[in-house]
Amino acid sequence: MAIEPLHRWDLSPDEARALQRELAARVDATRALGPCRRIAAADVSYNKGDDRLFAAVVVVEAGTFEVVERSGLVAKAGYPYVPGLLSFREAPPVLEAFDRLADRPDVLLCDGQGIAHPRRLGIASHVGLWLGIPTVGCAKSLLCGSFDEPGPDRGDRSPLIHKKERIGTVLRTRSRVSPVYVSPGHLCDFEGAERLVMETTGKYRLSTPIRLAHDFVNELRRQGGAGGST
DNA sequence: GCGACAG
DNA sequence: ATCTTGTCGC
């Protein structure tokens, strides 16, 4: 199951933004999210003065959160961090890690925005187009848009709006704790995105699969942080 | 022109 | 994202 390349990654910032506008037109954020048995989450980590990125994808069983499979790797960063262009830096290694999975999960959660992006193509949407599976963006902070502060209890939510358009949901996953910013990546609607995040969140602020991916990728970074593998 | 700006 | 100690609160 090889991933068919959609486009090149070595683009100038202006070219990258133009491509995002084209790709955003192909994103489907109206599809209802079906039952998800195998849930995956991806995350990326790196050290400050190092040009290597550590990427990981963790797959868990719905309900029990039992880890079914994990995929991790180290790769050279091919793009700098530019607000709004995060996927050009982190998507390549995430796609590579995903491609190494033995079995395809039903949905992929990404640590970042979905369509809640200035040009409606956050990393979750971008990766969703490449993979052709449902993806959901769950970010810890806001990139763009405005909203009314959601209620203080777990489950309380408020629509995220940008330029008169609905782009996501500000969701309180834990009472009295800062909310997370949820938005459809691809092949998923607002309700499905909210439901997936709520159903995968327990005693912590972040979705369990995302936390597991975060822990795993940091484990890889701290362990392989000194030198390469050559 | 000024401020904001996922990870 | 990462660099870092203590500290407030349940």
Side-chain angles (χ1 to χ4, degrees), chain A residues 9 13-14 16-17 20 23-24 27 29 41-58 72-95 97 108-129 135-147 152-154 160-163 167-186 193 197 202-207 209-211 213-226:
Chain A
W9 292 103
D14 284 333
R17 294 186 188 96
Q20 290 182 318
L23 296 178
V27 171
D43 193 24
V44 173
S45 173
Y46 57 90
N47 287 310
K48 200 164 182 58
D50 198 329
D51 69 332
R52 293 175 305 163
L53 295 183
F54 293 84
V57 173
V58 173
L73 61 80
V74 51
K76 288 183 187 175
Y79 215 83
Y81 169 68
V82 179
L85 299 182
L86 175 68
S87 60
F88 284 82
R89 174 181 175 75
E90 304 192 347
V94 164
L95 291 171
L108 174 66
L109 274 161
C110 293
D111 192 345
Q113 318 290 346
I115 62 172
H117 176 282
R119 292 167 293 283
R120 308 294 180 266
L121 198 84
I123 188 169
S125 299
H126 203 161
V127 168
L129 284 176
T135 56
V136 172
C138 186
K140 299 180 294 301
S141 60
L142 188 67
L143 173 58
C144 70
S146 58
F147 61 93
D153 302 318
R154 166 180 161 78
L160 179 58
I161 308 296
H162 180 57
K163 295 184 180 301
I167 60 173
T169 304
V170 180
L171 181 63
R172 189 89 62 188
T173 52
R174 280 203 69 187
S175 297
R176 297 295 184 172
V177 170
S178 300
V180 291
Y181 304 83
V182 180
S183 60
H186 184 44
V197 172
K203 63 178 293 189
Y204 300 97
R205 177 197 183 204
L206 297 181
S207 167
I210 288 182
R211 285 182 40 245
H214 190 276
D215 291 343
F216 181 45
V217 80
N218 277 322
E219 185 182 299
L220 293 175
R221 179 175 59 77
R222 292 162 184 151
Q223 181 244 319

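Below, each value reflects all heavy atoms present in this structure, side chains not excepted, and no hydrogens, waters or symmetry copies. So you know, we letter chains A, B, ... as the sequences are listed, proteins then strands, and number each from 1.
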Donor-acceptor check, side chain of A:Q113 to backbone of A:G168, threshold 3.5 angstrom: yes or no? no

Assign A:L85 to base, sugar-phosphate, or nothing according to its heavy-atom contacts below 4.0 angstrom with the strands shown. base

Tell me the stems DNA chain B sits in, counting at least three consecutive Watson-Crick or G-U wobble pairs, each under 3.5 Å on both distances. none

Rounded to the nearest 0.5 angstrom, the CG-OG distance for A:L53 and A:S45 is 9.0 Å

How many whole angstroms separate atom NZ of A:K140 from atom C1' of C:dA1? 9 Å

Under the side-chain contact (heavy atoms from CB on, under 4.5 Å) test, residues paired with A:K76 that sit two or more places apart: A:D51

Show every salt bridge (Lys or Arg N to Asp or Glu O under 4.0 Å) that has at least one partner inside residues 83-93 of chain A, sequence neighbours left out. none

Taking only residues two or more places apart in sequence or in another chain, which ones pass side-chain contact (heavy atoms from CB on, under 4.5 Å) with A:S175? A:D153, A:R154

List the residues meeting salt bridge (charged side-chain N to carboxylate O under 4.0 Å, His left out) with A:R119, not counting sequence neighbours, and say none if there are none. none

Base-pairing string, 5' to 3', of DNA chain C - Watson-Crick or wobble, under 3.5 Å, | interstrand: ..........

Under 4.0 Å from a heavy atom of chain A: give me the 5'-most and 3'-most nucleotides of DNA chain B that qualify. B:dC5 to B:dG7

Base, sugar-phosphate, or nothing for A:L142, non-hydrogen atoms under 4.0 angstrom? sugar-phosphate

Short side-chain N/O contact from A:N218 to OP1 or OP2 of C:dT2, under 4.0 Å: yes

Side chains of A:R52 and A:N47: any donor to acceptor distance under 3.5 Å? no

Protein heavy-atom contacts under 4.0 Å, written 5' to 3' over nucleotides 4-10 of chain C as B (base), S (sugar-phosphate only) or - (none), form the string -------

Give the ring-plane orientation class for A:F88 versus A:Y79, where under 30° counts as parallel, over 60° as perpendicular and anything between as tilted. tilted

Tell me what A:G84 touches on the nucleic acid: a base, only sugar-phosphate, or nothing, going by heavy atoms under 4.0 Å. base

Can you list everything that forms a side chain to side chain donor-acceptor pair (under 3.5 Å) with A:T169? Sequence neighbours excluded, please. A:R166, A:E194

Which of A:V27, A:L108, A:L23, A:V127 passes side chain to side chain contact (heavy atoms under 4.5 Å, CB included) with A:H186? It is A:V27

Using the test side-chain contact (heavy atoms from CB on, under 4.5 Å), find all partners of A:P92 that sit at least two apart in sequence or belong to another chain. A:W9

For A:P152, the side-chain contact (heavy atoms from CB on, under 4.5 Å) test, sequence neighbours excluded, returns A:D156, A:R176

In chain order, what residues pass the ring-ring contact (aromatic ring centres under 6.0 Å, His included) check against A:F147, with sequence neighbours excluded? A:Y181

